[in-house]
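Note that the numbering runs from 1 along the sequence shown for the chain.
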Amino acid sequence: MFVSKNLDVNEKGNLTIGGIDTTELAKEYGTPLYVMDEDLIRSNARSFKDSIDRFYNGNGLVCYASKAFACKEMYRVIASEGLGVDVVSGGELYTAISAGTDPEKICMHGNNKTYDELKMAIEYGVGRIVADNIYEMNALNALCAETGKKANILLRIKPGVDAHTHNFIRTGQIDSKFGFALETGEAFEAVKFALECDNLNFVGLHCHIGSQILDTQGFEAAAEVMMTFIKKLRDELDANVRDLNLGGGFGIKYTEADDPLPYEAFMEAVSIVVHKFCQENDIPLPFILIEPGRSIAAPAGITLYTVGGKKIIPDIRTYVSVDGGMCDNPRYILYQSEYDAVVANKAALPKNTTVTIAGKCCESGDLIGENMPLQECEPGDIIAVCATGAYNYSMSSNYNRLLKPAVVFVKNGKSRIAVRRETLEDIVRNDV
Ligand code: LLP
């Protein structure tokens with residue numbers, strides 16, 4: 001009935017998340033409100049971790065891609081499940097460390113890490129830095145020389161694999177700002193360069209082919225390409241690749257039209273490729289890292305809005321306006337992403353209308369979705385948009401000086417604030 005398994009309807013006909021009445025949450029904390037179900041975050045995290053145990057005999061690490069959803073409480077939950085994290089900026093790194101994340105389990109990304117960010121990573125003792133270009137390797141090497149430390153680096157490789165996903169979230173093809181290309185020999189030269197840097201420990205390779213990928217072929221192809229490159233490095237440079245980081249990108253169910261595979265299926269398909277290649281080529285099994293972001297956070301979250309005005313344009317469409325929009329969920333305006341929505345206080349009723357849910361920003365494209373099936377709704381009703389736990393809060397903005405919503409975690413029938421709602425004071429805090 002719902003796209004995420006943590007959603008249900010109670011005896012009052014209201015939508016629940018993790019067993020809690022969402023209309024009560026809206027009353028207590030106000031709207032718009034992000035709600036994250038801690039148990040589902042944990043069980044998603046565990047299913048990836050269990051797959052590493054099952055398919056690689058525990059010889060690996062799941063690093064949650066925190067760009068999907070980051071706040072201190074999320075880093076704490078992730079750490080308590082034994083996962084590491086992928087960070088991509090000084091801000092994510094700082095938040096992770098502030099929440100007590102073990103720096104050894106942090107993987108630092110970015111195609112243009114600043115000098116200050118690299119310095120922070122070295123000072124905190126980040127376990128793995130994924131180098132994206134030669135300029136960065138030079139900067140890191142120099143920084144390490146100054147501080148007398150050595151950095152463990154992986155090189156980001158473009159495997160040249162075309163993932164079947166939206167153009168803006170594909171990253172593995174040659175025309176991408178991320179990483180070193182294989183086809184041109186750039187990646188091979190980059191490894192040679194890394195091996196020559198006195199203060200860098202070349203420990204491995206990384207690739208990430210894209211996001212919201214719903215089949216296994218792209219992942220299998222990327223694994224094959226990466227293993228072939230590992231063999232080439234062994235044969236031609238006598239280089240040992242300790243770590244193979246295969247990135248994230250596992251797709252989830254946003255609407256009934258999506259039919260994602262269980263996470264284990266992605267993991268198993270790739271592990272077959274890796275094991276077979278290692279056996280056939282007498283290569284030791286690398287330490288495997290994966291970086292799921294969306295698949296851990298998205299299904300666990302919903303966003304609650306209050307309905308305001310409704311505009312019926314005969315024979316064209318009905319707009320239902322809510323008290324948030326592209327500021328808290330920019331995914332429609334960016335990628336025309338589709339979501340499932342429910343009127344939380346009428347969740348047991350059939351969805352017998354089709355509406356366009358509009359946000360409150362001064363922008364015509366500010367929509368949560370077009371032509372969405374929904375229960376009849378009136379001003380004051382609460383709309384829940386499902387599977388918004390990833391790339392919503394983390395991509396939110398203050399456009400039109402709207403205040404960022406609060407984030408609430410629910411667990412065991414209780415709710416707690418993880419991020420406070422912004423205030424008008426916050427909006428002018430840095431204005432001079
Ligand atoms: N690792 C790397 C190096 C990445 O660049 C990403 C995502 C991930 C892991 C996690 O991918 P995931 O498992 O979440 O698919 N804002 C877009 C998604 C951008 C993804 C960027 N990189 C969206 O809202 O769909």
* Asked: Under a 4.5 Å cut-off applied to non-hydrogen side-chain atoms, are Leu140 and Ile153 in contact?
  -> yes

* To do: Please examine the side chains of Leu83 and Lys105, heavy atoms only from C-beta on, and report whether any two atoms are closer than 4.5 Å.
  =>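 Lys105 does not reach Leu83 side chain to side chain.
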
* Stepwise, does the salt bridge (charged side-chain N to carboxylate O under 4.0 Å, His left out) test hold for Glu38 with Arg416? -> CA-CA 11 Å; Glu38 184 178 331; Arg416 63 185 194 280; 2.7 Å; yes

Without hydrogens or angle criteria, can the side chains of [X] and [Y] be said to hold a donor-acceptor pair below 3.5 Å?
X: Glu363; Y: Tyr399; value: yes
X: Tyr391; Y: Ser337; value: no
X: Thr423; Y: Asp426; value: yes
X: Tyr75; Y: Thr95; value: no

Do side-chain atoms of [X] reach the backbone of [Y] as a donor and acceptor pair under 3.5 angstrom?
X: Glu422; Y: Lys404; value: yes
X: Asn281; Y: Cys278; value: no
X: Glu136; Y: Asn133; value: no

* To do: Provide the closest heavy-atom pair for Ala187 versus Ile157 in the form atom of the first, atom of the second, distance.
  =>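 What the structure gives for the nearest pair is CB-CD1, 3.7 Å.
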
For [X], is the [atom1] atom crowded, meaning more than 12 foreign heavy atoms sit under 6.0 Å from it?
X: Glu370; atom1: CD; result: yes
X: Asp235; atom1: CG; result: yes
X: Lys72; atom1: NZ; result: no
X: Lys150; atom1: NZ; result: yes

* side-chain hydrogen bond (donor to acceptor under 3.5 Å, both in side chains) partners for Asn112, two or more places apart ->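 Result, side-chain hydrogen bond (donor to acceptor under 3.5 Å, both in side chains) vs Asn112: none returned.
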
* Check: Tyr34 ring centre within less than 6.0 Å of Phe69 ring centre -> no

* Kindly say whether the aromatic ring centers of His109 and His208 come within a distance under 6.0 Å. => no

* To do: Determine the sole option in Tyr263, Tyr64, Phe55, Tyr56 for which the ring-ring contact (aromatic ring centres under 6.0 Å, His included) test with Phe48 is passed.
  =>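 Result: among Tyr263, Tyr64, Phe55, Tyr56, Tyr263 is the only option passing the ring-ring contact (aromatic ring centres under 6.0 Å, His included) with Phe48.
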
* **Salt bridge Lys231-Glu280, side-chain N to carboxylate O under 4.0 Å** =>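 No salt bridge links Lys231 with Glu280.
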
* To do: May I ask you to decide if the ring planes of Phe250 and Phe266 are parallel, tilted or perpendicular, using 30° and 60° as cut-offs?
  =>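 Aromatic pair Phe250/Phe266 classed tilted.
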
* Asked: Step by step, would you call Asp39 with Arg42 a salt bridge (charged side-chain N to carboxylate O under 4.0 Å, His left out)?
  -> CA-CA 5 Å; Asp39 284 335; Arg42 287 183 183 277; 5.3 Å; no

